[in-house]
Amino acid sequence: MIEVNNLHKSFKVGKNTVKALDGLSFQAKDGEITGILGPNGAGKTTCLRTLYGLLTADEGSVKVDGFNALEEPLAVRKQLGIFPDKFGLYERLTAFEQVDYFASIHGMQGKDKNVAIEQIFKDLEMEELMHRKTLGFSQGQRMKVTLAQALVHQPKNFVLDEPTRGLDVMSTRVLRNHLAKFKAKGHCILFSSHVMQEVAALCDRVIIVANGKLAAEGTPQELCDLAGEKLLEDAFVKLIGSDEGVAA
Amino acid sequence: MIQFKALLLKEYKEAFRDRRALMVAMMMAVMAPVMIFALSKTMIKELVETPPIYVKVTGAEFAPKLIEQFKDENILLFSNIPNDDKKLWDERNVEISIPESFAKDMVAGETIDIILRTDYSDKAMSAPIRRIKNEIRNYAQGIGYKRLLVRGVDIRLLKPVNLIEQDTAIPSSNAVFISMMLGLYLLMAAFMSGLSVAIDSSAGERERNVLEMLLCQPVSTLKIVVAKLSCASTIAIIGVVLTLVLTSFSVGFVDLTKIGATFSLDAFTIAALIILLIPICFFASALQLFVSFQAKSFKEAQSTVSMIIMLPAMIPVALMFIDDKPKWLDWLPVSGQSLLMEDLFKGLPVDWFLVMATSFVTVTITIALVMILSIRLKSEKVVLALS
């Protein structure tokens, strides 16, 4: 369960102050896939970085399973599986070693760890990549390895920043099925994307962020109804376009 | 512990798999012994051997005994020169003119003018000129003494003062030069060997976007920094040990005692040097990580860190120019180790208290750097610089 409460954050760029978050609040509940939508520069990544404890909010709080991200960032990170917006691989390690590294950082060891790693490679259908060095991997293969390392320790909460960019259709489906499985098991999944069909198909609830504020919140259908549009994409454009947004 | 083990293992795997960077790091270690071997070899040759000198003598037939004495000291007539050396000595053109009246003036007890003509500014000629001058002086002195003896005069009268020289510097200046080179090389090895690993695992990881991933994980920044430091310093220590072992092997082929060197790279000296240099390896790597973690890009890190390498090169040289060294120099990193190494090479007993003191100061500064760095890595500034 992820709770974001009245989050404020500004950055100083030279003499100007840029307000990245302006009182953003939302919840991502267990057993649900929550989509987070917003135009570029809306504050999604800043919000997620505050969630990981990398940035300190000026005001407000972020809680993950009851732990406050500002006070106990390590405890919060233990509850999370993170797929960040920017990621890289250790190119001199094999895919297995890379996932093994992150599993160990999450405290896994021995046989359990090996079983978990083998399982995640199998689940994401990437067993053939297992013992290859990651140097020269395609974008999709790199994404898969990063996903595997985010999911290997079966975290209670997933935070995935555009996890399907660069994936082929088959891999996207594999990921979707995988997320659905975790959702059924009661995990909390926070998911940001720019692909509207995907959000519409996958998410139970959608949060629309614009100008660092919550613009609208609801199921995809509710949002369409709210905006009076048939397609989520049109609804999204309409909702972020209105200055006041639709108070949710 | 599981976390730290994983962090450390990953750093080692990455470092040892980057063969090219590792090769460059170990270049230092391979170059040092070769340089020191070549340097000592040429120095000994110049100082100890008396290579033949070929002189164009006019009037050699007038002073056969002088020519004989020259011959004993390997100063030979140009007419006897082998073809290989002909061009060289023709260019050097050392001329000695012996006057026709040599024998007559000798009998009459007149002063005889022998002319030595050559290019005195040619550095390569300084040793041959010295030898020729010495030989002529010895010859003249010998005859002078004999003349006095024949006249019943005690030749001690010619020496009212006898200067006895006692050199307190144990090794000769040439040996000091060689050992200073080795000292400098060892410090450079400590700073250079871990360099590429330090930059790659900090600024490199930032540029490859893996640092942000790592900072999002439930692991303290202190553990991250210590793991990276351990890896870079291990490579630095390997570099230093390899330099020492290879140098001791290569120095074994040169007889340094010929030029007055009293130091030898025996097991004790090697052990003492390693004990002295291990803290420096950690210090160097910590400094490099500190700087390159805060650089905005890999390139910036490279250029800033290469400034740090000047440190081991500059400090020992600067120390040479300070006659009255302040006490605190003994304690500081790099300067303390440099002074202690100098003592070690001079064959002086090791001041273990100073070794402990300078190691303590070095380790303390290293720990401070690590702590500050681990706090810095938590700051927003570092995270913002990621994007």
Side-chain angles (χ1 to χ4, degrees), chain A residues 9 11-13 20 45-46 48-58 64 67 69 72-94 97-98 100-110 113 133-135 142 145-146 149-150 153 155 159 161, chain B residues 1-22 196-197 200-224 226-228 231 235 297-298 374-387:
Chain A
K9 179 77 192 169
F11 298 109
K12 276 206 169 130
V13 184
T45 301
T46 306
L48 295 183
R49 280 183 165 175
T50 317
L51 184 65
Y52 313 146
L54 287 182
L55 296 179
T56 325
D58 300 335
V64 178
F67 295 106
E72 302 166 276
L74 292 192
V76 164
R77 289 176 203 160
K78 260 193 189 147
Q79 314 300 320
L80 292 175
I82 298 168
F83 183 96
D85 91 304
K86 262 183 165 186
F87 65 89
L89 300 179
Y90 297 105
E91 294 184 339
R92 292 190 284 275
L93 300 186
T94 64
E97 285 168 338
Q98 166 117 7
D100 177 279
Y101 176 49
F102 282 88
S104 306
I105 284 178
H106 277 276
M108 298 177 83
Q109 58 176 325
K113 181 175 75 177
K133 281 199 187 143
T134 59
L135 180 74
R142 298 166 75 86
V145 176
T146 312
Q149 80 191 20
H153 58 288
V159 180
D161 204 348
Chain B
M1 205 57 213
I2 307 166
Q3 279 186 332
F4 185 69
K5 201 176 135 195
L7 288 167
L8 196 62
L9 202 68
K10 176 246 144 197
E11 295 299 337
Y12 280 131
K13 268 186 202 158
E14 281 223 295
F16 283 100
R17 283 181 191 172
D18 191 0
R19 295 252 162 77
R20 199 182 295 178
L22 213 59
S196 56
V197 176
D200 190 71
S201 69
S202 51
E205 286 198 0
R206 161 181 289 194
E207 205 151 277
R208 293 194 295 272
N209 292 325
V210 278
L211 188 62
E212 181 171 354
M213 279 290 314
L214 188 59
L215 290 177
C216 294
Q217 302 305 319
V219 57
S220 75
T221 48
L222 184 65
K223 278 186 194 166
I224 298 176
V226 173
K228 290 185 188 299
C231 177
I235 307 283
S297 64
F298 192 82
S374 72
I375 293 168
R376 285 261 173 108
L377 277 183
K378 282 185 207 154
S379 83
E380 284 190 356
K381 242 184 180 173
V382 171
V383 177
L384 288 174
L386 292 169
S387 47

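Note that the structure is predicted; figures quoted are calculated from it, not measured. The chains referred to below are lettered A, B, ... by the order of the sequence lines, with proteins before strands, and numbering in each begins at 1. When reading the values below, keep in mind they use all heavy atoms of this one structure, side chains included, and skip hydrogens, waters and symmetry mates.
Between B:Arg17 and A:Glu91 there is no salt bridge, since no side-chain nitrogen of the basic residue lies less than 4.0 Å from a carboxylate oxygen of the acidic one.
Annotation: maximal heavy-atom pairing with chain A below 4.5 Å, among B:Ser220, B:Cys216, B:Ala6, occurs at B:Cys216. Interface check for chain A: of the options B:Arg208, B:Glu205, B:Lys10, the most heavy-atom pairs under 4.5 Å are formed by B:Lys10. Of the listed residues (A:Tyr52, A:Tyr90, A:Phe102), the greatest number of heavy-atom pairs within a distance under 4.5 Å of chain B belongs to A:Tyr90. The most heavy-atom pairs under 4.5 Å with chain A, out of B:Lys223, B:Lys13, B:Met1, come from B:Lys13.
Residue B:Glu380 holds its CD atom at 8.0 Å from OG1 of A:Thr50, rounded to the nearest 0.5 Å.
At a 4.5 Å heavy-atom cutoff, A:Gln98 makes no contact with chain B through either its backbone or its side chain. Within the 4.5 angstrom heavy-atom criterion, only backbone atoms of A:Leu89 (N, CA, C, O) approach chain B. Contact of B:Leu7 with chain A is made through backbone and side chain together, with heavy-atom distances under 4.5 Å. Contacts of B:Glu207 with chain A are absent, with no heavy-atom separation under 4.5 Å from either backbone or side chain. When heavy atoms are compared at a cutoff of 4.5 Å, A:Lys113 does not approach chain B at all. Proximity to chain B (any heavy atom under 4.5 Å) is restricted, for A:Thr146, to the side chain, taken from C-beta onward.
With sequence neighbours excluded, the residues forming a ring pair (Phe, Tyr, Trp, His ring centres under 6.0 Å) with A:Phe83 are A:Phe87, listed by chain and number. Listed by chain and number, the residues in a side chain to side chain contact (heavy atoms under 4.5 Å, CB included) with B:Leu22 are B:Phe16, B:Ile235 (sequence neighbours excluded).
Judged by distance alone, with hydrogens and angles left aside, the side-chain atoms of B:Glu212 form no donor-acceptor pair with the main-chain N or O of B:Asn209 at under 3.5 Å. Judged purely by atom type and a 3.5 angstrom limit, A:Arg92 uses its side chain to pair as donor or acceptor with the backbone of B:Glu14.
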Derivation of the side chain to side chain contact (heavy atoms under 4.5 Å, CB included) call for A:Gln149 and B:Met213: CA-CA 10 Å; A:Gln149 80 191 20; B:Met213 279 290 314; 2.7 Å; yes
